[in-house]
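What follows is a short report on a single structure.
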Amino acid sequence: MRYADRKGSDDSDREPGRVGAPAGGRAAPARLAPGRRIRRTAEVVLGVAVGGLVAELVVQALGPRTTSTVLVVVLLTVTLAVAVGASSVSTVPATLSALYLAVVSPPNETLVPVRFVDALIGGVVALVTSQVLNVRRPLVPLAGQ
């Protein structure tokens, strides 16, 4: 059975024959309704921000770039996402951003979670930009009234 033929809880918006894409690339596909698009983008943004926050806190506590730090970051991020009932749309970006910050990124020496704030600001800017640029024919809803 091909991946695209399986029907799971998260496959409702997948085109037939499509084999999937990374979560960041399909954060807000244009074929989704505007309300779902905003929700999906917000889930990805919050996932990235929370994953970054978890990684920053664990790296400050355990030190950067050790095997134990990476293991704790991944386990804590996934456990937190599952505990709050997050979907895979937000769990995957949270885990990937946390893993990136734990392994690659240099540690932040301040107590202020700068990367968390940066992720939230960047996500809000992306969300606003996508909504402004996504309106191709803004007067169509008014013409139908």
Side-chain angles (χ1 to χ4, degrees), residues 1-138 140-141:
M1 178 184 295
R2 293 182 343 196
Y3 178 77
D5 293 338
R6 285 186 277 170
K7 295 293 179 195
S9 61
D10 218 22
D11 293 342
S12 59
D13 63 335
R14 184 169 290 133
E15 294 174 355
R18 186 170 175 180
V19 294
R26 54 187 294 218
R31 69 181 179 274
L32 291 178
R36 266 188 89 188
R37 190 171 35 243
I38 292 171
R39 181 170 184 246
R40 173 83 47 99
T41 304
E43 286 179 11
V44 171
V45 168
L46 287 175
V48 169
V50 170
L53 181 63
V54 168
E56 281 194 72
L57 295 175
V58 172
V59 166
Q60 283 183 357
L62 299 179
R65 299 182 190 100
T66 63
T67 305
S68 61
T69 300
V70 172
L71 183 63
V72 169
V73 163
V74 170
L75 287 176
L76 191 59
T77 305
V78 171
T79 303
L80 182 65
V82 169
V84 298
S87 68
S88 62
V89 171
S90 56
T91 302
V92 171
T95 306
L96 291 177
S97 66
L99 184 61
Y100 173 77
L101 290 176
V103 174
V104 177
S105 183
N108 191 358
E109 299 298 326
T110 65
L111 294 178
V112 178
V114 177
R115 292 183 183 116
F116 174 74
V117 174
D118 286 347
L120 287 178
I121 292 171
V124 168
V125 168
L127 185 60
V128 169
T129 304
S130 71
Q131 294 307 305
V132 169
L133 295 178
N134 197 26
V135 178
R136 295 187 181 118
R137 296 183 291 169
V140 170

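Just the heavy atoms: all of them, side chains too, but no hydrogens, waters or symmetry mates, feed the values below. Since this is a predicted model, take the numbers as computed values, not measurements. Throughout, residue positions are numbered sequentially from 1 according to the sequence presented.
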Looking at R65 and V104, what are the two nearest heavy atoms and their distance? NH2-O, 3.5 Å
Applying side-chain contact (heavy atoms from CB on, under 4.5 Å) to V124 and not counting sequence neighbours gives V128
Listed once per pair and sorted, the side chain to side chain donor-acceptor pair (under 3.5 Å) pairs that draw on residues 90-99, sequence neighbours left out: none
Kindly write out the residues that satisfy side-chain hydrogen bond (donor to acceptor under 3.5 Å, both in side chains) with S68, not counting sequence neighbours, or none if the list is empty. T66
For a quick test of reading the model, state the closest non-hydrogen atom pair linking V45 to A119 and the distance between them. CG1-O, 4.1 Å
So, applying side-chain contact (heavy atoms from CB on, under 4.5 Å) with P64, which one of V103, V59, V70 is it? V59
Does L62 have any side-chain contact (heavy atoms from CB on, under 4.5 Å) partners at least two apart in sequence or in another chain, and if so, which? V58, T69, V72
Minimal heavy-atom distance between V73 and V54, with the atoms involved, is O-CG1, 4.3 Å
Sorted by chain and number, sequence neighbours left out, side-chain contact (heavy atoms from CB on, under 4.5 Å) with L46 holds for L120
Could you tell me the separation between the CG atom of L101 and the CZ atom of F116, rounded to the nearest 0.5 Å? 12.5 Å
Of all the heavy-atom pairs spanning G51 and A98, show the shortest one and how long it is. O-CB, 3.2 Å
E56 side-chain N/O to R115 backbone N/O, donor-acceptor pair under 3.5 Å: yes
Taken in chain and number order and not counting sequence neighbours, the residues that satisfy side-chain contact (heavy atoms from CB on, under 4.5 Å) with A42 are none
